[in-house]
Amino acid sequence: MKLGCHARSEAMGMAFTALADDGSAGFWNPAGLASLQRKDMLLSFHRWIEDVRDEFLAFGWGGPHEGMGIHVLYTDMGEFEQRIVPSPTPMATFSAHELIFGVSYARTVFNRFDVGMTIKLLYEKIYIEEAWGVGVDLGFLWHVWSDGLRIGGVLQNLGKTNALYREDISLPLTVRLGLAYPLNIFGGQWIFVADGIKERGFPYHLHGGVEYGWRGRVFIRCGYQTGYEARDITGGIGVAWDKYRVDYSYMPLGSGLGDSHRFTVGIGW
């Protein structure tokens, strides 16, 4: 829920609340599906610290004044060693997995003002213990100027799950407010984005990023995130041709944790 879902957003500092203009909108801000005006599908692969990895699949489609989408995020946290008492060798190994399946709907309610909702089925398994839950995201997107400034907001992760073994799970209730501003300057298309983020029980974060596009074919992106111990700078590149696109993002992690690499392929038609 906290680590994003595709390379373009990660490269721009995970500031995607007001942009949300592709098939991943149901994850970031479901209101973005109302202005999609096409079908869009993407598949993303992510390598995080140690053996943690995730795969993300999303499909969104929009028409006049409304849109829908679905997405699946699967996380594999690798193998863990099982011990009952300290020993040089483990008794066995076990795995941990998480799954999110979301369904989204969005609609234009006023001139250039969209709202949307995502309902998520949540599943987690560690060893033989399992937990199920349901979450809801509620978002809005205001197109302040036609083809210009966009302001968006989303309340994420309303809901609950049952206990995992004896431990209660609290969903990371989060408020995100963002803006996106496109400009055609210096011979290219630029998009500037910023998000303010507040998660229950954690300090306020500011995410920001920029994308430069050359003739709608080659894209260079960078971003920055404040308030984290292990991450700040992000970056990436993208290539698009006709209805196809490929994106890559890189985020160095501090404290000796390694690096984050994300690779995404998409198609819009």
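Worth knowing before you read on, the calculation uses all heavy atoms, side chains too, and leaves out hydrogens, waters and symmetry mates. Just so we're clear, the structure is a prediction, and the values are computed from it rather than from any experiment. The chain is numbered in sequence order, starting from 1.
- Residues Leu171 and Gln156 are not in side-chain contact: their nearest non-hydrogen atoms beyond the backbone lie 4.5 Å or more apart.
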With a 3.5 Å cut-off and sequence neighbours excluded, list the donor-acceptor pairs that the side chains of residues 212-222 form with protein atoms.
residue, atom, partner, partner atom, Å
Arg221, NE, Glu211, OE2, 2.6
Arg221, NH1, Asp247, OD1, 2.9
Arg221, NH2, Glu211, OE2, 3.1
Arg221, NH2, Asp247, OD1, 3.2

Task: Glu98 vs Tyr74, side-chain contact (heavy atoms from CB on, under 4.5 Å): CA-CA, chis, key distance, verdict - done: CA-CA 6 Å; Glu98 294 178 351; Tyr74 173 77; over 6 Å; no
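- Interatomic distance, CG of Leu206 versus OG1 of Thr226, reported as 5.0 Å (0.5 Å rounding).
- With a 4.5 Å cut-off on side-chain heavy atoms, Leu122 and Leu99 do not count as touching.
- Taking hydrophobic clusters as Ile, Leu, Val, Met, Phe, Trp and Tyr residues chained together by side-chain heavy-atom distances below 4.5 Å, Tyr123 shares a cluster with Val103.
- Heavy-atom neighbours of His97 NE2 from other residues, nucleotides or ligands within 6.0 Å: above the threshold of 12.
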Using residues 76-85 as the side-chain source, report each donor-acceptor pair under 3.5 Å to any protein atom, sequence neighbours left out, with the distance given to one decimal.
residue, atom, partner, partner atom, Å
Asp76, OD1, Gly78, N, 2.8
Asp76, OD2, Arg53, NH2, 3.2
Glu79, OE1, Thr93, OG1, 3.3
Glu81, OE1, Arg83, NH1, 2.7
Glu81, OE1, Arg83, NH2, 3.1
Gln82, NE2, Tyr127, OH, 3.4
Arg83, NE, Ser87, O, 2.9

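- Summarising the local packing, CZ of Arg38 is surrounded by more than 12 heavy atoms from other residues, nucleotides or ligands at distances under 6.0 Å.
- By the criterion of side-chain heavy atoms lying less than 4.5 angstrom apart, applied directly or through intervening Ile, Leu, Val, Met, Phe, Trp or Tyr residues, Leu36 is not grouped with Val154; the two fall into different hydrophobic clusters.
- A donor-acceptor pair under 3.5 Å is formed between the side chain of Arg150 and the backbone N or O of Ala18.
- Within the 3.5 Å criterion, the main-chain N or O of Gly152 finds no donor-acceptor partner in the side chain of Trp142.
- To the nearest 0.5 Å, atoms NZ (Lys198) and CG (Leu155) are separated by 12.5 Å.
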TODO: Give the C-alpha distance, both sets of side-chain angles, the deciding distance and a yes or no for side-chain contact (heavy atoms from CB on, under 4.5 Å) between His143 and Leu149.
DONE: CA-CA 6 Å; His143 305 258; Leu149 178 66; over 6 Å; no
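- Counting only heavy atoms from C-beta outward, the side chains of Thr118 and His71 approach each other to under 4.5 Å.
- Thr234 places a side-chain N or O within 3.5 Å of a backbone atom of Ala11 that can act as its donor or acceptor partner.
- Scanning all heavy atoms of the two residues, the minimum distance from Ser24 to His6 falls at OG-NE2, 3.3 Å.
- By the 6.0 Å and 45° rule, Lys120 does not stack over the aromatic ring of Phe27.
- The side-chain contact (heavy atoms from CB on, under 4.5 Å) check on Glu129 picks up Leu164, Tyr165, with sequence neighbours excluded.
- Between Ile267 and Trp269 the shortest side-chain heavy-atom distance falls below 4.5 Å.
- Asp259 approaches Leu253 most closely through the heavy-atom pair OD1-N, 3.9 Å.
- Residues Ser44 and His46 bring no donor and acceptor atom of their side chains to less than 3.5 Å of each other.
- When side chains are defined from C-beta on, Phe45 does not count as touching Asp54, because their heavy atoms never get closer than 4.5 Å.
- Taking CD from Gln189 and CG from Leu183, the interatomic distance works out to 11.0 Å, rounded to the nearest 0.5 Å.
- A salt bridge links Asp40 with Arg245: the closest approach of a Lys/Arg side-chain nitrogen to an acidic carboxylate oxygen falls below 4.0 angstrom.
- Atom-to-atom distance recorded for Glu167:CD and Ile126:CD1 is 10.0 Å, nearest 0.5 angstrom.
- In this structure, a donor-acceptor pair under 3.5 Å is absent between the side chains of Tyr250 and His261.
- Taking the side chain as every heavy atom from C-beta outward, Val52 and Thr75 approach each other to under 4.5 Å.
- Looking at Arg262, its side chain never comes within 3.5 Å of a backbone N or O of Trp48 through a donor-acceptor pair.
- Side-chain atoms of Thr174 come within 3.5 Å of backbone atoms of Pro172 as a donor-acceptor pair (strictly under, hydrogens ignored).
- Atom CH2 of Trp241 has 12 or fewer heavy atoms from other residues, nucleotides or ligands within 6.0 Å.
- Summarising the geometry of Gly26 relative to Ser104, their closest heavy-atom pair is CA-OG, 3.3 Å, with the distance given to 0.1 Å.
- At distances below 3.5 Å, at least one donor-acceptor pair connects side-chain atoms of Asn162 with backbone N or O atoms of Trp132.
- Both Leu121 and Tyr105 belong to a common hydrophobic cluster when Ile, Leu, Val, Met, Phe, Trp and Tyr are linked at side-chain heavy-atom distances under 4.5 angstrom.
- At most 12 non-hydrogen atoms from other residues, nucleotides or ligands lie less than 6.0 angstrom from OH of Tyr244.
- Within the 4.5 Å cutoff, no side-chain heavy atoms of Glu66 are placed close to those of Leu33.
- Between the side chain of Ser9 and the backbone N or O of Phe16 there is no donor-acceptor pair closer than 3.5 Å.
- Cluster membership for Ile197 and Phe202, using ILVMFWY side-chain heavy atoms within less than 4.5 angstrom, is not shared.
- Of all the heavy atoms in Ala106 and Pro30, the pair that sits closest is CB-O, 3.1 Å.
- Counting all heavy atoms, side chain and backbone alike, Met41 lies closest to Phe59 at CB-CD1, 3.8 Å.
- Transitive grouping of hydrophobic side chains (ILVMFWY, heavy atoms separated by less than 4.5 Å) brings Leu3 and Leu73 into a common cluster.
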Open item on the list: Between Leu158 and Leu138, is the side-chain contact (heavy atoms from CB on, under 4.5 Å) condition met? List the steps.
Closed with: CA-CA 9 Å; Leu158 289 163; Leu138 303 172; 4.0 Å; yes
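- Residue His207 forms a ring pair (Phe, Tyr, Trp, His ring centres under 6.0 Å) with just one option from Trp28, Tyr224, Tyr228, and that option is Tyr228.
- In this structure, NE2 in His205 is found 10.0 Å from CZ in Arg176, a value given to the nearest 0.5 Å.
- Pairing each heavy atom of Thr17 with each of Asn29, the nearest pair is O-ND2, 3.1 Å.
- The CH2 atom of Trp145 sits 5.0 Å away from the OH atom of Tyr181 when rounded to the nearest 0.5 Å.
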TODO: Starting from the C-alpha separation in whole Å, work towards a yes-or-no answer on side-chain contact (heavy atoms from CB on, under 4.5 Å) for Trp190 and Val210.
DONE: CA-CA 7 Å; Trp190 298 74; Val210 60; 3.7 Å; yes
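- Contact check for Asp21 versus Arg8: side-chain heavy atoms found under the 4.5 Å cut-off.
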